[in-house]
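Presented below is the structure to which this report refers.
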Amino acid sequence: MVQASVSRTEAFLQEADRFSAHNYKPLPVVLERGEGVWVWDVDGRRYLDMLSAYSALNQGHRHPAIMKAAEEQMARLTLTSRAFHNDQMGPFLRELCEATGFEKALPMNTGAEAVETAIKMVRKWAYTKKGVPDGKAEIIVCENNFHGRTTTIVGFSSEAQYRAGFGPFTPGFKLVPYGDVEAFEAAIGEHTVGFLVEPLQGEGGVVVPPDGYLRDTARICRERGIAFMADEIQTGLGRTGRLFCTEWEDVRPDVLIVGKALGGGVYPVSAAIADGEFMDVFQPGDHGSTFGGNPLGAAVGRASLRVILEEDLATKSDELGTWFMEQLRAIPSEHVEEVRGRGLMIGVVIRKESGTARPFCEALQARGILAKETHHQVIRFAPPLIIEKATLEEALDHIEDVLKGGV
Ligand SMILES: *Cc1c(COP(=O)(O)O)cnc(C)c1O
């Protein structure tokens, strides 16, 4: 008997569907290999990766320098826990501090853990250095934020779905509209100790705040003794055309939070970075992570950072992104409401009348381009920063067809 033929892709999709929690709705593509800006699926089709794992792949898939560092470290030592020292963590943190201009860094693994670290740091700073009564510290956050998925973090999300069913939540957070300096200032209370903000909201739909927003809120924070905490997990490490997005407005945060591309697409590496004034609140036993600062992660982090700096990926992102955004804006399409972004972090907003962005992403997939919708109406284009202009030019032909034709 002849079996009904099922493509390899279909078989993998069915297996994942059966055995996984359904907490994602991925595009129906099953990848098995990646190199640079390209990925291949299990049926041999090649795609241009224009999502870059939400900017965790700024250096591209399997960058040779990062792979080499990872392989060499794997052959030596991979994990010590923080009960012992290792010979990679110190150099990693020094290089991270040199690149960012801060005194100290605390290594974690995922982005959410680095955000949690920043929250703990600023709260303890407020209690020990500012005399805020115990348990009263308040941190201001923005509507439409995305800072991760732990229970504390989703507790201050404004997205109903991120919270529904997961309470009770951690108190001590206050939401204000993103991009509104006056609303921020008005929300400051007696026990406000921190402001946690994405310098450009990625998951929220590639939302660029009005000019001056970061500069003005940072100035108010300085005047009022509030810690300015920049979540640069997605916007950092070159993505928006600067090493850090806060540089667009010459802002130096009090706490800088990085992740994603710090692991070069190889390994989860994140960090909360600050001067001693904040970092020194941590005493032995206050905070930790079994894997944070491990030698493999540290070696990967060093190589990932080096690639960003040595290949000047921030400048590349600035130049290519500016050009690419111009090209996208020039596409005559009745479906497009707006094209926005900075560097190679670009959102194409689909008009509500044309449906959601999802079918456009599916049409792009059929043409060999992987992009993922965010917030229903937005197609996000965020290719690895190592991409060549010619590759972007080719992609534009397909994007133009899809945006013009509709789906
Ligand atoms: C991805 C992201 C996080 C969470 O990082 P994880 O590694 O998924 O925990 C936090 N903040 C921002 C801005 C992000 O884009």
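Counting starts at 1 for both ligands and their atoms, in listed order.
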Decide salt bridge (Lys or Arg N to Asp or Glu O under 4.0 Å) for Lys104 and Asp275; before the verdict, give the C-alpha distance in whole Å, the side-chain angles of both, and the deciding distance to 0.1 Å.
-> CA-CA 6 Å; Lys104 300 190 179 196; Asp275 285 342; over 6 Å; no
Aromatic plane relationship, Phe195 with Phe184 - under 30° parallel, 30 to 60° tilted, over 60° perpendicular | tilted
Measure the acute angle between the ring planes of Phe278 and Trp125, then classify it against the limits of 30° and 60° as parallel, tilted or perpendicular.
-> tilted
For His147, is the nearest heavy atom under 4.0 Å from an atom of ligand 1?
-> yes
Evaluate the criterion side chain to side chain donor-acceptor pair (under 3.5 Å) for residue pair Thr235 and Glu232; output intermediate values, then yes/no.
-> CA-CA 5 Å; Thr235 51; Glu232 295 250 22; 2.7 Å; yes
Closest protein heavy atom to atom 6 (P) of ligand 1, given as residue, atom name and distance to 0.1 Å = Gly111 N, 3.4 Å
Residue and atom name of the nearest protein heavy atom (relative to atom 14 (C) of ligand 1), distance in Å to one decimal | Lys260 NZ, 2.9 Å
Given that the side chain starts at C-beta and the backbone is N, CA, C, O, which of these parts of Tyr54 lies under 4.0 Å from ligand 1, counting heavy atoms, or is it both or neither?
-> neither
Going by the order shown, which atoms of ligand 1 are within less than 4.0 Å of some heavy atom of Phe146?
-> 1 (C), 2 (C), 3 (C), 11 (N), 12 (C), 13 (C), 14 (C)
Min N/O separation Ala112 to ligand 1 under 3.5 Å | yes
Should the proximity of Thr110 to ligand 1, defined as any heavy atom under 4.0 Å, be assigned to the side chain, the backbone, both, or neither?
-> both
Point-to-point distance, once rounded to the nearest 0.5 Å, from CG of Leu196 to CD1 of Ile257 | 5.5 Å
Are more than 12 heavy atoms from other residues, nucleotides or ligands located less than 6.0 Å from atom OH of Tyr178?
-> yes
May I ask you to check whether Glu198 has an N/O atom sitting below 3.5 Å from an N/O atom of ligand 1?
-> no
Atom 8 (O) of ligand 1: protein heavy atom closer than 4.0 Å?
-> no
Does the distance from a Lys or Arg side-chain N to an Asp or Glu carboxylate O, for Arg94 and Glu98, drop under 4.0 Å?
-> yes
May I ask you to identify the nearest protein heavy atom to atom 11 (N) of ligand 1, giving residue, atom name and distance to one decimal place in Å?
-> Asp231 OD2, 2.7 Å
